[in-house]
J.: 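My questions all concern the structure below.
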Amino acid sequence: MTSQLDEHYIRTNIEWLQLTSEVKQKCGWNTEKEYDKAVLSFSIKHQLRYKGNLVRKVHKDSRKYYDDLLRYSREHLMIFPYHLSDIYVKGLRVTSFSYYIDIICDLILQEKSYDTLPNFTAADCLRLLGIGRNQYIELINQSRTILQAAKKKMFLNLSNWKTPASIRHLLPLQPIDSANIQPWWVINLGCVTDDDVKQCTNEEKIIIDYLIDERSSKLAGELNYDAIHNLYRKGLIYLDVPVSEDDYIQVPPLGSGFVMNRIVGDYFEVLLYKLFVSTDEHTNVGELSRILSLDIDLVKQTMSMFLRLGFARKKNLDSDYGVIHTSWKHFSATGGLQLPPPPKELKVATPTIDKNVSEWKKDLELDTSFIEDDTTSLNPNDDVKSLASPTSIGAPDNLSISITSSTLKQKRIGFLFDSSLTAFLMMGNLSPNLKTHAVTMFEVGKLADEILGSFLQELERISPISQSAIKSIDDDNQSEGEADRYFLHARVLYQTISFLRLNNELFDEEIGPLGVDLIRYESLSSLDSTTRQRLIERNYHILISMAPISAETVYSPFNSIDYLGPYLQEMNSVWMKLFIYSLTKSGPPSLLLPKGYRLNVLPDCLKIFDKFLVTTWNHEPTYISNVNILLSINEALLHSAVLLQGFYHGNSNDFKEEYQQIRHIPFPFEHMEKHSGLEKLSLAIDLKNTCGYVSMLAISSNTAEEVLLDVRFGIPLFDEKISETIRSEIIKHKLCAKDKVQERLKTIRALSISLVAFIERFQQSDSSSCNMPMRHSSNGIRSTCLPQRPILFDGQTVATIGSSSL
């Protein structure tokens, strides 16, 4: 795997002789041959252009290099390298359409699942081929019939039965009719032969002649609408989607064109997701490049891909920008994001079956003149330098200046959520449009304030449900109970966002009301720590977390910004439970066991319980009866560390439902209850300057006494009343006021240090695997320490115990 250090030297074209001995040793390059091999591998994996990059010095055959690059991209199902269209379409006559046809053929012949396709590759296939999940399944079924017949012929030695040609007729012959071309996109001439010209109409010939004679590109809106669409479907032109440093990009909710399949982690996919969560319509492309410390051309390339796929749009771009030719008069993008034009009556193959046409790729010929010297190929970014960006022309200069100077840019509230919330919104089947927003929240990792209006409208449309309906989660109606849970989360989310957004009472007068961005923890964590910190500091005044946050959600502390939520990810783990038990001497008897341990007998303090709360590492707790409890625990220990807690003992006739045994107390407290555990907790942890809730557990039917179960920070979305109480206390206690910030930062950091020290106290002295507190991964995220020895809380103290006692 190429490290960031390796990438730096290769991308900056540092040759072998220029490398110091220290660098060679650190990167593991012992010989020049090893370095050349690393350069070639990196260049292919990152789809680098041959010209102008170090690979040209170590690999002399440009044709073979581009063949290898395309083969690698195809085998790894990467998105088509559009930034090299001048090479592939113009020189090698390989279009994005033919590239994806080959990929789909390969998958069908191997009978691979549609989910094999990565998200963005699947989206581009859907855009160009019209092949989505249902169409792919149908193609698989039809191909099986054809291949079975071909297999029988094989026994007679009549043919090779399993070839792309045998199923090629099932696939479309040209890009689908709705292939979307915007008037401001740039038209470039591909590889055109005399035979191609003979098949063209007069209008198409005029465009070809113009592009040949002028030797330059042309805006699509300056040419005949029907002609350029026909030429594109024939593979005779290719499209550049120009992006300049001054462009402002918006990311609206993802539509039906996005496909949720899987992620594979190739360089461009990682870049796409980084830009997804970082893109801000008040930050232009150049500024974003500097914030993320990324090469400007890479950022432009990524934004161009978003625009091409229809996942983003340029801000302040007139719907008719670039429309000059009268044939575009029907075109309109005002009704939505890059709406496709009305369908034309063209004799073009669709994704339906056509068994009488020959293979499209058979007619493609290689332009061998390209092979001799690729230096004559034009960089698409260079081609369009004379064509100013639509926003740089269309937008008033004073607007660009004001935005760049950040006078129109106001910091916002960042409301942090984890993937569990998006799962609730998607699985709840609450409304189709709400699911679209949920997909955006998960995949993009952010829902910006500019599009929160439509999201809130969808949440508001959800049918109200009564509190009694919410609590009717019984064994006879479990599915309805789960549906109520989804509805409740959606409704409380609506109330929380409405409370935070543009609320005059939250902040001091000089700050005023602020907008809200919804941000997914996991998406922020994909950025390296420095970039993440820069991005947060620039865009947000305060971060507020939902609660609870899943224990499997990893993130680093937000050091330099005000934050209402769990400062460390360890605060969401089982360590936090044991920590507060040790501080307060209140809590259910608990036993934390390391992975691989075998439990032979329960400790005495746990033997009296009829029901247990069992938490496997980084998962939600489950309730298990005392029947075969040792068998269940030992099976779980084969795969994970386990926290075993006493949950209930006493008369089984008095047993309550699980949710009735647990009571949540919101803080900051209006009036603290008289409970020794709560009083000790409030003395040990500052609960006045932050928000969240304390969970209390009634463990016995013989007494009304409760013990501490857990403490969580943030605004909960699972209970309407608790959430409402916390929101009102935020205002009453002025938690977002300036004078609270420094006090909160001081106390939360002290709590973090104490928690880390507590965890380290229960690790062996040589516990190098414990990645705490300052040993981080490359993106600044540290892992939560796993237990290495059994740890028991007996109701009074927390201590390690020897294996002989268990």
Side-chain angles (χ1 to χ4, degrees), residues 251 260 263 265 270 273-280 292 412-426 437-449 452 455 489 492-493 496-497 500 516-576 617-620 690-692 711-718 748 752 755 771-772 776-784:
V251 179
M260 288 184 70
I263 57 176
V270 171
Y273 276 110
K274 279 186 179 181
L275 269 294
F276 248 162
V277 72
S278 306
T279 299
D280 173 9
L292 300 179
R412 299 176 178 178
I413 299 169
F415 185 72
L416 298 172
F417 64 92
D418 64 13
S419 297
S420 63
L421 177 61
T422 58
F424 287 147
L425 296 178
M426 284 189 277
H437 285 89
V439 170
T440 305
M441 291 167 66
F442 182 81
E443 294 291 348
V444 176
K446 182 171 73 173
L447 215 56
D449 184 76
L452 270 189
F455 180 56
H489 273 78
V492 180
L493 177 63
T496 302
I497 297 173
L500 295 174
V516 176
D517 286 354
L518 306 186
I519 314 168
R520 190 169 73 102
Y521 272 104
E522 295 90 341
S523 297
L524 271 183
S525 299
S526 67
L527 305 173
D528 67 80
S529 56
T530 305
T531 300
R532 182 168 55 248
Q533 209 65 37
R534 261 200 313 266
L535 192 70
I536 289 171
E537 289 174 11
R538 184 185 189 280
N539 293 334
Y540 301 105
H541 178 74
I542 186 174
L543 298 178
I544 301 176
S545 175
M546 66 168 267
I549 295 299
S550 170
E552 61 184 341
T553 301
V554 295
Y555 58 93
S556 63
F558 304 104
N559 294 313
S560 56
I561 188 171
D562 194 14
Y563 177 53
L564 289 174
Y567 186 73
L568 293 181
Q569 65 187 39
E570 288 77 17
M571 293 179 180
N572 307 315
S573 72
V574 299
W575 287 114
M576 188 65 181
W617 199 257
N618 285 350
H619 288 81
E620 295 301 310
T690 187
C691 64
V711 59
R712 295 291 185 140
F713 299 90
I715 300 179
L717 302 180
F718 63 85
I748 201 70
S752 301
L755 175 58
N771 234 4
M772 298 177 61
H776 294 80
S777 61
S778 59
N779 64 347
I781 307 297
R782 68 166 181 274
S783 59
T784 300

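Both backbone and side-chain heavy atoms feed into the values below; hydrogens, waters and symmetry mates do not.
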J.: State, without any angle test, whether Tyr555 and Asn572 hold a side-chain donor-acceptor pair at a distance under 3.5 Å.
T.: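 Yes, a side-chain donor-acceptor pair sits under 3.5 Å.
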
J.: For residues Met426 and Ala438, report the shortest heavy-atom separation together with the two atoms involved.
T.: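 Closest heavy-atom pair between Met426 and Ala438: CG-CB, 3.5 Å.
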
J.: Would you compute the distance between atom OG1 of Thr422 and atom CZ of Phe417 and round it to the nearest 0.5 angstrom?
T.: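 Nearest 0.5 Å value for the OG1-CZ distance: 6.5 Å.
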
J.: Under the 6.0 Å and 45° cation-pi test, does Arg520 pair with Phe442?
T.: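 Here Arg520 passes the 6.0 Å and 45° test against Phe442.
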
J.: Does Thr553 use its side chain to pair, donor to acceptor, with the backbone of Asp418 at less than 3.5 Å?
T.: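 Judged by distance alone, no pair lies under 3.5 Å.
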
J.: Hey, is the main chain of Glu570 close enough, under 3.5 Å, to the side chain of Ser573 for a donor-acceptor pair?
T.: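 Checking the backbone N and O of Glu570 against the side chain of Ser573, a donor-acceptor pair under 3.5 Å is found.
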
J.: Heavy atoms, side chains only, cut-off 4.5 Å: are Val574 and Trp617 in contact?
T.: yes

J.: Relative to each other, are the rings of Tyr521 and Phe558 parallel, tilted or perpendicular (30° and 60° limits)?
T.: tilted

J.: Report yes if some heavy atom in the side chain of Phe455 is under 4.5 Å from a heavy atom in the side chain of Ile497; otherwise report no.
T.: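 Yes, their side chains come closer than 4.5 Å.
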
J.: Grab the two heavy atoms, one from Ser523 and one from Gly445, that are nearest each other, plus how far apart they are.
T.: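 Nearest heavy atoms, Ser523 then Gly445: OG-CA, 3.2 Å.
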
J.: Answer yes or no: is there a side-chain heavy-atom contact under 4.5 Å between Leu275 and Leu292?
T.: yes

J.: Can you measure from NE2 (His489) to CG (Leu425) and round to the nearest 0.5 angstrom?
T.: 9.0 Å

J.: I'd like to know if the side chain of Ser278 reaches the main chain of Lys274, judged simply by a donor and an acceptor atom lying under 3.5 Å from each other, with no hydrogens or angles considered.
T.: yes

J.: List the atom of Ile561, the atom of Tyr540, and the distance in Å for their closest heavy-atom pair.
T.: CD1-O, 3.1 Å

J.: Do Leu568 and Met576 have side-chain heavy atoms sitting under 4.5 Å apart?
T.: no

J.: Check side-chain contact (heavy atoms from CB on, under 4.5 Å) between Pro548 and all other residues, then give those that pass, not counting sequence neighbours.
T.: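 Expected list: Tyr693, Arg712, Phe718.
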
J.: I need the Ile544 CD1 to Ile519 CD1 distance, nearest 0.5 Å.
T.: 11.0 Å

J.: State, to 0.1 Å, how close Ile748 and Met571 come at their nearest heavy-atom pair, and which atoms those are.
T.: CD1-CE, 4.2 Å

J.: Do Ile536 and Tyr563 have side chains that approach each other closer than 4.5 Å (heavy atoms only, starting at C-beta)?
T.: no

J.: Does either side chain, that of Ser419 or that of Glu522, offer a donor lying less than 3.5 Å from an acceptor on the other one?
T.: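 Per modelled atom types, Ser419 and Glu522 side chains form a pair under 3.5 Å.
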
J.: When rounded to the nearest 0.5 angstrom, what is the spacing between OG in Ser550 and NE2 in His619?
T.: 8.0 Å

J.: Look only at the side chain of Lys446 and the backbone of Thr279, and say whether a donor-acceptor pair between them is shorter than 3.5 Å.
T.: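 Yes, Lys446 side chain to Thr279 backbone: donor-acceptor pair under 3.5 Å.
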
J.: For a quick test of reading the model, state the closest non-hydrogen atom pair linking Asn618 to Glu552 and the distance between them.
T.: O-CB, 3.5 Å

J.: Mind checking the CG-CG spacing from Leu535 to Asn539? Nearest 0.5 Å is all I need.
T.: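 Here the rounded value is 5.0 Å.
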
J.: Side chains of Leu452 and Leu447: closer than 4.5 Å at any heavy-atom pair?
T.: yes

J.: So, for Asp562 and His541, which heavy atoms are closest and what is the spacing to 0.1 Å?
T.: CB-O, 4.1 Å

J.: I'd like to check Tyr273 versus Ser526 (side-chain heavy atoms, cut-off strictly below 4.5 Å). Are they in contact?
T.: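 Counting from C-beta outward, Tyr273 and Ser526 never come under 4.5 Å.
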
J.: Would you call Arg412 and Asp517 a salt bridge, using N to O less than 4.0 angstrom?
T.: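 Between Asp517 and Arg412 there is a salt bridge, with a charged N closer than 4.0 Å to a carboxylate O.
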
J.: Can you name the side-chain contact (heavy atoms from CB on, under 4.5 Å) partners of Thr496, sequence neighbours left out?
T.: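 Here the qualifying residues are Phe415, Val492, Leu500, Ile715, Leu717, Ser723, Arg727.
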
J.: Considering only heavy atoms from C-beta outward, does the side chain of Val251 approach that of Phe276 to under 4.5 Å?
T.: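 Val251 vs Phe276: side chains touch.
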
J.: For the OG atom of Ser545 and the CG atom of Leu416, what is their distance to the nearest 0.5 Å?
T.: 5.5 Å

